[in-house]
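Nothing fancy with the numbering, it's 1 onward along the sequence. First listed ligand is number 1; within each ligand, the first listed atom is number 1.
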Amino acid sequence: MNGLYTALMCSFHDDGRVNEQGLREIVRYNLDVQQVDGLYVNGSTGENFLISTEQKKQIFRVVKDEVEDEAKLIAQVGSLNIDEATDLAQYATDLGYNAISAVTPFYYKFDFDEIKDYYFTILDSVDNDLIIYSIPALTGVNMNLEQFGELFAHDRIIGVKFTAPDFFLLERIRHQFPDKLIYSGFDEMLLPASVLNIDGAIGSTFNINGKRARQIFELAQNGQLNEARDVQKVTNDLITDVLSNGLYPTIKEILKVQGVDAGTLRKPMKPLTADGAKEAERIANTFIT
Ligand code: SI3
């Protein structure tokens, strides 16, 4: 399960339905052009929290049908509705997903016992491995080393998608849990995370910049830090421009410039203005080869 995983975008029609053909094109572009090792399906980048249970299942189905056994697949099933989370975990497992992942429960201020119960309830419902999705900036849930340890005590919690700029905690987790998988979640911090000996990364910008992410990861693993820094610099120039133009709509527009039908966004996310679309085209022409 090591390697680079794209946090997969999904293509939607203007009326909010899943654009299945567009989704297949996004999958193919990731596998054939960006050449990532796997896909992280129905994460934040997939607009997961804006769609229905049936649409989540439809996306799991279409992606698996397109990928078959060409790449590893991780299904993000986390939900505030525990019944939905267990239902999706079972569904993705039956489809053959290699692992499930669940975002920490958010919105209500759950205490750690409740968070632990959430993960163990999901695991009890399914015969698959689980990767914790930790993204404190969006969930408000900050877990400490001891709490990660309590979760990692479960032998089917195999790792964490660590989307936080806390390199002290990342290093401590790496040191204390050498057998667990750590995936870095912030693409602009891939190099420092790689230096700390992570097992892989999961990123939204890999949809358009997966080849550079691989260079950074592999150069760092080989100890070629100057070269890795150069590629991270170009990557961060790209990410700076993408973030200032609007993260998800800009990635979608760049995919369109590459000939991929990335469709529109789910409301309440808004599409780019005409100027924003022009800027996305400039970014694509500047950075995407
Ligand atoms: O679940 C997901 O879609 C992700 O893996 C998210 C991933 O961590 C991204 N975070 C968000 C909030 O989109 C990053 O790849 C992020 O977009 C990137 O580092 C730019 O800041």
Side-chain angles (χ1 to χ4, degrees), residues 1 3-11 23 26-27 30 34 36-51 56 59-60 63 72-79 85 88 92 97 99-106 130-141 159-167 170 181-194 198-210 212-214 216-217 231-232 234-255 262 265-266 269 280 283 287:
M1 295 295 291
L4 300 179
Y5 289 70
T6 296
L8 193 69
M9 295 237 107
C10 184
S11 180
L23 175 57
I26 296 174
V27 168
N30 271 288
Q34 298 302 334
V36 291
D37 300 305
L39 303 174
Y40 187 83
V41 184
N42 282 337
S44 315
T45 309
E47 299 167 65
N48 173 73
F49 304 103
L50 308 177
I51 62 179
K56 293 175 192 183
I59 292 165
F60 283 143
V63 172
K72 299 275 189 223
L73 291 176
I74 301 173
Q76 200 294 122
V77 302
S79 170
L88 292 172
Y97 274 66
I100 55 171
S101 178
V103 69
T104 51
F106 52 92
L130 183 142
I131 294 157
I132 299 161
Y133 179 9
S134 176
I135 181 162
L138 293 186
T139 59
V141 179
V160 59
K161 168 166 141 45
F162 187 92
T163 308
D166 186 343
F167 291 102
L170 178 58
L181 294 165
I182 303 178
Y183 302 95
S184 167
F186 271 133
D187 315 348
E188 52 277 47
M189 302 175 202
L190 177 56
L191 172 56
S194 300
I198 52 172
D199 302 286
I202 299 169
S204 66
T205 63
F206 300 175
N207 281 281
I208 51 171
N209 195 50
R212 283 198 192 93
R214 180 170 305 284
I216 296 166
F217 186 55
V231 186
Q232 185 75 70
V234 179
T235 289
N236 287 1
D237 289 343
L238 162 66
I239 292 177
T240 301
D241 288 353
V242 167
L243 288 175
S244 66
N245 200 48
L247 177 63
Y248 301 143
T250 302
I251 294 177
K252 285 200 172 180
E253 198 60 36
I254 291 174
L255 283 168
L265 295 125
R266 289 278 306 186
M269 288 193 190
I283 298 170
F287 292 103

### Message
Tell me the closest heavy-atom pair linking Ile59 and Cys10, and the distance in Å.
### Response
CD1-SG, 3.6 Å
### Query
In the protein, what heavy atom is nearest to atom 5 (O) of ligand 1, and what distance, to one decimal place, separates them?
Lys161 NZ, 2.6 Å
## Note on the structure
For Ala7, the atoms of ligand 1 under 4.0 Å from one of its heavy atoms are 2 (C), 3 (O), 4 (C), 5 (O)
#### Entry: Shortest protein contact, atom 14 (C) of ligand 1 (heavy atom only)
Gly185 O, 3.2 Å
### Message
Determine whether Asn209 and Thr235 satisfy the following criterion, side-chain hydrogen bond (donor to acceptor under 3.5 Å, both in side chains), listing intermediate values before the conclusion.
### Response
CA-CA 8 Å; Asn209 195 50; Thr235 289; 3.2 Å; yes
#### Entry: Proximity of Ile135 to ligand 1 by residue part, where a heavy atom lies under 4.0 Å
side chain
### Query
Where does Tyr248 meet ligand 1, judged by heavy-atom distances below 4.0 Å: at the side chain, the backbone, both, or neither?
side chain
### Query
Counting heavy atoms only, which part of Gln76 comes closer than 4.0 Å to ligand 1: side chain, backbone, both or neither?
neither
### CG on Leu8 to CG on Leu23, rounded to 0.5 Å
6.0 Å
#### Entry: For Ser204 against Tyr248, the heavy-atom pair lying closest together
CB-CE2, 4.4 Å
### Message
Using every non-hydrogen atom in the two residues, find where Ser184 and Ile198 come nearest and quote the distance to one decimal.
### Response
CB-CD1, 3.6 Å
### Message
Please tell me whether Tyr40 and Phe206 form a close aromatic pair, meaning their ring centres lie under 6.0 Å apart.
### Response
no
### Summary
atom 16 (C) of ligand 1 sits nearest the protein heavy atom Ser204 OG, 3.5 Å
### Task
Enumerate the atoms of ligand 1 whose separation from the nearest heavy atom of Leu247 is less than 4.0 angstrom.
13 (O), 17 (O)
### Query
Can you check side-chain contact (heavy atoms from CB on, under 4.5 Å) on Met1 and Asp199, steps first, answer last?
CA-CA 8 Å; Met1 295 295 291; Asp199 302 286; over 6 Å; no
### Message
Just to be sure I read this right, does ligand 1 sit under 4.0 Å from the backbone of Thr45, its side chain, both, or neither, counting only heavy atoms?
### Response
both
### Task
Around atom 21 (O) of ligand 1, find the nearest protein heavy atom and jot down its residue, atom name and distance.
Glu188 OE2, 2.7 Å
#### Entry: Passing candidate, side chain to side chain contact (heavy atoms under 4.5 Å, CB included) with Thr6, options Ile26, Leu39, Val27
Leu39
## Note on the structure
ligand 1 to Tyr133, heavy atom cutoff 4.0 Å, flagged ligand atoms 1 (O), 2 (C), 4 (C), 6 (C)
## Note on the structure
Smallest heavy-atom separation, Ile239 atom then Glu188 atom, equals CD1-N, 3.7 Å
## Note on the structure
Counting from 1 in the order shown, the ligand 1 atoms closer than 4.0 Å to a non-hydrogen atom of Thr163 are 8 (O)
### Message
I need the atoms of ligand 1 closer than 4.0 Å to a non-hydrogen atom of Gly203, numbered in the order shown.
### Response
15 (O)
### Query
If you take all heavy atoms of Val103 and Gln76, which pair is closest and at what distance?
N-OE1, 2.9 Å
### Task
Give yes or no for whether the N/O distance cutoff of 3.5 Å, strictly under, is met between Thr205 and ligand 1.
no
### Atom indices of ligand 1, in the order listed, that fall short of 4.0 Å to a heavy atom of Tyr40
1 (O)
### Message
Looking at every heavy atom in both Leu265 and Lys252, which two are closest together, and how far apart are they?
### Response
CA-NZ, 4.0 Å
### Task
With heavy atoms of Ile202 as the reference, note each atom of ligand 1 found under 4.0 Å away.
5 (O)
### Task
Pull out every atom of ligand 1 sitting under 4.0 Å from any heavy atom of Ser44, numbered as shown with elements.
1 (O), 2 (C), 3 (O)
